Amino acid sequence: YNMRYIVLFLFASLLQLRLDPSLQQNLLHTLNATVVRDTTTTCPYGALLYNVTSQIRSILSNVSLDNLGVGRPGHCGGVNWTRVAYLNMTDLNQTCPANWTLVTYPGNSGTTLRACQRTNSGSCDVAYYRVKGKRYSQVCGRIVGNVYGQPEAFGTPTGSSIDTVYLDGMDITRGNPRQHVWSFVTSTSRMDNLKYLCSCSNRSLVPTTAVPSFVGLNYFCDCGAPPYKTDAAGKHYYNHIMWSGTDCPPDSTCCSFNTPPWFWRVLPNSTTDDIEVRQCANNVVTDENIDAIIVEVYIK
């Protein structure tokens with residue numbers, strides 16, 4: 001009887017700093033069930049064991065892997081992920097990366113939304129994140145934001161290489177020369193021009209613009225404006241969260257394609273390449289842009 005609790009205590013202590021959330025929940029469930037039984041036991045150590053298991057439960061409920069920098073995001077496989085990029089503009093203490101511009105605009109119910117946009121027109125504006133020599137072969141993460149204006153997916157590139165503005169949206173790259181990791185594409189809600197669509201935008205329509213070969217299937221695509229509404233230049237669409245896997249029209253498969261919001265990419269080879277997160281669009285910033293709100297990138 002006592003040995004069982006000693007094992008549980010040691011097990012919980014060892015897992016405090018690096019624990020799979022599913023295991024965490026299973027352990028909490030076990031402890032909760034045990035606590036209920038112990039409150040009715042006649043064992044003289046029942047009260048002490050009740051307190052110990054309650055303490056462990058409290059520790060496991062409050063541990064934050066994100067604050068440690070080494071842990072795992074909730075939607076990537078396994079443990080030992082290292083966070084290399086983190087932006088959360090819902091936190092008033094956070095600022096935009098050097099090459100991006102802070103914007104504020106009114107949201108629902110009188111709220112003020114904060115986001116980061118690219119600064120330069122017709123460009124890919126880069127935020128740099130160093131991995132400090134850490135070797136990795138997997139990349140995982142997400143980007144959350146809104147669209148501003150009239151995005152055109154892969155339909156209006158300035159060139160055919162990864163070093164050009166090949167999309168309207170954002171991407172994650174690595175190294176020099178630059179290599180593609182993941183793209184976050186913003187499509188249009190208009191169905192009158194097929195070159196502005198993604199392949200998942202409409203089941204019955206085939207876009208006339210091909211996905212660049214260096215992107216392959218490693219991308220998410222989302223419609224910037226709410227479904228069935230006309231998007232307009234110079235407008236923030238804050239009611240639709242980009243690349244969230246939600247609010248897709250019935251005739252779209254973008255919410256299921258690659259299962260957003262989290263991506264997980266296994267690289268061909270291990271590397272120590274630094275990471276770039278880029279905001280890209282071919283037109284002027286007053287016509288189309290991305291309101292980046294949350295950026296998370298992990299490696300292992």
Side-chain angles (χ1 to χ4, degrees), residues 15 17-25 65-66 68-88 124 126-145 153-154 160-164 166-167 169-187 198-200 210-222 242-246 248 253-280 292 294-300:
L15 291 178
L17 297 179
R18 196 172 294 171
L19 186 67
D20 186 306
S22 62
L23 291 177
Q24 190 177 106
Q25 292 303 311
L65 294 175
D66 282 347
L68 300 175
V70 178
R72 76 184 286 270
H75 297 270
C76 300
V79 295
N80 298 329
W81 290 91
T82 298
R83 187 172 68 195
V84 295
Y86 182 71
L87 176 72
N88 185 351
C124 285
V126 183
Y128 298 96
Y129 297 96
R130 309 303 182 193
V131 305
K132 301 177 181 178
K134 183 175 179 62
R135 183 162 293 277
Y136 62 96
S137 60
Q138 300 178 54
V139 185
C140 175
R142 63 171 178 157
I143 295 177
V144 172
F154 298 114
S160 58
S161 79
I162 194 173
D163 297 314
T164 62
Y166 70 90
L167 84 164
M170 297 182 66
D171 72 359
I172 297 173
T173 65
R174 62 183 179 89
N176 184 18
R178 185 175 283 126
Q179 297 183 66
H180 181 262
V181 176
W182 205 265
S183 291
F184 298 78
V185 188
T186 50
S187 178
C198 286
S199 58
C200 61
V211 177
S213 59
F214 59 83
V215 173
L217 297 176
N218 299 308
Y219 70 96
F220 294 143
C221 185
D222 204 334
M242 297 294 296
W243 313 299
S244 62
T246 60
C248 286
T253 59
C254 290
C255 281
S256 58
F257 176 67
N258 279 333
T259 61
W262 288 87
F263 79 90
W264 178 15
R265 175 86 188 271
V266 178
L267 304 179
N269 304 103
S270 65
T271 183
T272 57
D273 288 341
D274 290 329
I275 296 290
E276 294 179 339
V277 180
R278 304 190 301 168
Q279 293 205 37
C280 300
I294 294 176
V295 176
E296 293 186 82
V297 181
Y298 298 80
I299 60 173
K300 82 166 183 176

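Throughout, residue positions are numbered sequentially from 1 according to the sequence presented. Predicted, not measured: the structure shown is a model, and the values here were computed from it.
Put simply, the side chain of S183 reaches to within 4.5 Å of the side chain of V215, judged on heavy atoms. You'll find the side chain of V277 reaches within 4.5 Å of the side chain of V297, heavy atoms only. You'll find the side chain of M242 stays beyond 4.5 Å of the side chain of V144, heavy atoms only.
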Stepwise side-chain contact (heavy atoms from CB on, under 4.5 Å) check, R174 with I299: CA-CA 11 Å; R174 62 183 179 89; I299 60 173; over 6 Å; no
Residue pair V131, I275: steps toward the side-chain contact (heavy atoms from CB on, under 4.5 Å) verdict: CA-CA 7 Å; V131 305; I275 296 290; 4.0 Å; yes
Pair F220-W243, ring pair (Phe, Tyr, Trp, His ring centres under 6.0 Å): steps then yes or no: CA-CA 6 Å; F220 294 143; W243 313 299; 8.3 Å; no
R178 and E276: CA distance, side-chain angles, deciding distance, salt bridge (charged side-chain N to carboxylate O under 4.0 Å, His left out) verdict: CA-CA 9 Å; R178 185 175 283 126; E276 294 179 339; 2.6 Å; yes
Pair V84-R130, side-chain contact (heavy atoms from CB on, under 4.5 Å): steps then yes or no: CA-CA 7 Å; V84 295; R130 309 303 182 193; over 6 Å; no
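Residues Y136 and Q138 bring no donor and acceptor atom of their side chains to less than 3.5 Å of each other. Counted by atom type alone, R135 and S270 present one or more donor-acceptor pairs between their side chains at under 3.5 Å.
Scanning both residues, I162 and Q179, for their nearest heavy atoms gives CD1-C, 3.8 Å. Closest non-hydrogen pair, M170 versus Q279, comes out as CE-CG, 3.7 Å. Heavy atoms only, all atoms of each residue included: C221 and C254 are closest at O-CB, 3.2 Å. Among all heavy-atom pairs drawn from S244 and P261, the shortest one is O-CD, 3.7 Å. The minimum heavy-atom distance linking C198 with V185 is given by the pair SG-CG1, 3.8 Å. The shortest heavy-atom contact between F263 and V139 is CE1-O, 3.6 Å.
Looking at Y166, F154, W182 one by one, the single match for ring-ring contact (aromatic ring centres under 6.0 Å, His included) with F214 turns out to be Y166.
Note: N218 CG to D171 CG = 12.0 Å, rounded to the nearest 0.5 Å. Annotation: the span from I172 atom CD1 to I143 atom CD1 amounts to 4.5 Å, rounded to 0.5 Å. Interatomic distance, Y298 OH to R83 CZ, rounded to the nearest 0.5 Å: 5.0 Å. One finds the OG1 atom of T272 at 14.5 Å from the NZ atom of K132 (value rounded to the nearest 0.5 Å).
In this structure, Y219 has its ring center closer than 6.0 angstrom to the ring center of F257.
For T259 (side chain) and S256 (main-chain N/O), no donor-acceptor pair under 3.5 Å exists by modelled atom type. The closest donor-acceptor contact from the side chain of K300 to the backbone of V79 lies under 3.5 Å.
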